[in-house]
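Here is the naming used below: chain letters follow the sequence lines, and residue numbers restart at 1 for every chain.
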Protein chains: 2
Amino acid sequence: MAARDYGQYGGITRALELVGERWAMLIVRDLLVGPRRYGELAAGLHRIPSNILAARLKELQATGVIRRVPHSRVIVYELTPYGRELEPVVLALGAWGFKTLGDPRQEQVITPDSMTMDLRTAFRQQVAANLPPTAYAARLGPAELFIRVDGSALDVRRGDGTADLAFAAGADIRRLISGELTPHLAIATGVVEVLRGPGDLLERFASTFHLAV
Amino acid sequence: MAARDYGQYGGITRALELVGERWAMLIVRDLLVGPRRYGELAAGLHRIPSNILAARLKELQATGVIRRVPHSRVIVYELTPYGRELEPVVLALGAWGFKTLGDPRQEQVITPDSMTMDLRTAFRQQVAANLPPTAYAARLGPAELFIRVDGSALDVRRGDGTADLAFAAGADIRRLISGELTPHLAIATGVVEVLRGPGDLLERFASTFHLAV
DNA sequence: CCGAATCCATAACGATACTG
DNA sequence: CAGTATCGTTATGGATTCGG
């Protein structure tokens, strides 16, 4: 791993030598959501060439960031404890990037894992702590997420479930999270479509997930 | 800048498109210490090729992370307000990398700016708030730093000054900051050499700057 | 089918030299 | 001092192929 180093001694250079290469941090992002198989990673990072994915997985293993775990018949990759400690880094990056996240370009896709991490980024723990437990079923572009907020705990997983509020939205859910759009306006303009449950709950959603730009 | 994108829509991909390329985050790191001239950046990142530095500076300007400011005769680069908001990202990266920072390799150098940011990473604001104002003059490898702690405020700058404690150390100051070495042992083993002032103050330094591994 | 390895064109990077 | 220009090397991207 000393091949592509910076010739400097310090915490930041060290970190960048471990996870600074192209795609590495996105692999970490997806693995922060949960263990993933090779094919799942390839699907979530749909533009990654398979040789690059294979190379990164090897490097991240060699440096102790991830682990390759054979599970009966399938192989999954998961973060080591040290790798999981990258969560603050990934969240900080996400919060920073979110601020200048415009509208999606034509070729940009939304993946369940990236959306999950963006929701974690926007999650306001101290606000949620004072709200009743709530479950949301959100269809965000192609991603179906089941979001449970209980006290200061957040759980996001793929798929559906019994939710207090079910809604559908596209990438412009961002406008709701940034506060650019009020929940009321988001519904009125069709940015958010309420599928089940009281639309008022979208206000709770918006105050739980908020990231000022 | 959409040339090298990831084809995904999300906060983290957005951030990586802006500052994810090689060397970019290190330029940000050094600019977090203060505005720098082209030559200063080149010196601090001594292994960066000048064409890469020039390219990164252009990209970071184009994306609104840094600004090119003509100052009478010289040109300096500085972070925009948006660029400065990368500080939490850089500190989180530094804290993570610090944990597996071993001993320096032969070719690795210590630069004043990287050392400054590492100190900021390790700074414990809430601990410092309960200590009397203290100034340290530290010679860390080739970097001469004048460190002032006043309440929860930290100021690190290059050069010397009237300090309560002056000391010299090498890269293995890391062992003191990680707690691997007690202040007493650090002095006894020669890891830290006290140049002026009461050596006891090194305990205050160690509790002010601490990052568990 | 999953988890890669291989091949090849292209783009980025790195070292050095060069210019206003 | 603040960059450009050039050119060889390396990494990336895309497609295809291989092995269990």
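When the C1' atom of dG13(D) is taken as reference, atom CD1 of Ile48(A) falls 11 Å away, rounded to whole Å. Taking atom CD of Glu21(A) as the reference point, atom C1' of dT10(D) lies 11 Å away to the nearest angstrom. One atom, CG of Leu16(B), and another, P of dT12(D), lie 14 Å apart when rounded to the nearest Å. As rounded to whole Å, 18 Å separates atom P of dT9(D) from atom CZ of Arg22(B). Computed from coordinates, the Ile52(A) CD1 to dC7(C) P distance equals 16 Å when rounded to whole Å. Between the P atom of dG13(D) and the OH atom of Tyr6(B) lies a distance of 8 Å, rounded to the nearest Å. The CD atom of Glu59(B) sits 13 Å away from the C1' atom of dA11(C) (whole-angstrom rounding). Rounded to an integer number of Å, the gap from Leu53(A) CG to dA11(D) P is 17 Å.
Taken to the nearest 0.5 Å, the CG atom of Leu211(A) stands 7.0 Å off from the NZ atom of Lys99(A). Glu193(A) CD to Ile187(A) CD1: the interatomic distance, rounded to the nearest 0.5 Å, is 10.5 Å. Between the OG1 atom of Thr80(A) and the CZ atom of Arg84(A) there is a distance of 7.0 Å, given to the nearest 0.5 Å. Rounding to the nearest 0.5 Å places CD1 of Ile66(B) at 10.0 Å from CD of Glu59(B). Residue Asp5(B) holds its CG atom at 11.5 Å from CG of Leu18(B), rounded to the nearest 0.5 Å. Distance check: Leu140(A) CG to Ile147(A) CD1 gives 6.0 Å after rounding to the nearest 0.5 Å.
When heavy atoms are screened at a 4.0 angstrom cut-off, Leu57(A) is found touching no nucleic acid atom at all. When heavy atoms are screened at a 4.0 angstrom cut-off, Arg68(B) is found touching the sugar-phosphate backbone but no base atom. Among the heavy atoms of the strands, none lies under 4.0 Å from Arg73(A).
The shortest distance between the side-chain N/O atoms of Lys58(B) and the OP1/OP2 oxygens of dA2(D) is not below 4.0 Å. Residue Arg47(A) places none of its side-chain N or O atoms closer than 4.0 Å to OP1 or OP2 of dT12(D). At least one side-chain nitrogen or oxygen of Trp23(B) sits closer than 4.0 Å to the OP1 or OP2 atom of dG14(C).
In this pair, Tyr136(B) and Phe205(B) present their aromatic rings perpendicular. The plane angle is above 60°, beyond the 30 to 60° band.
The side-chain hydrogen bond (donor to acceptor under 3.5 Å, both in side chains) check on Thr121(A) picks up nothing, with sequence neighbours excluded.
Salt bridge Asp118(A)/Arg29(A): absent, no basic N to carboxylate O contact under 4.0 Å.
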Heavy-atom protein contacts under 4.0 Å, nucleotides 15-20 of chain D, coded B base, S sugar-phosphate only, - none: B-----
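Using a 4.0 Å cutoff on non-hydrogen atoms, no part of residues 29-46 of chain A comes near DNA chain D.
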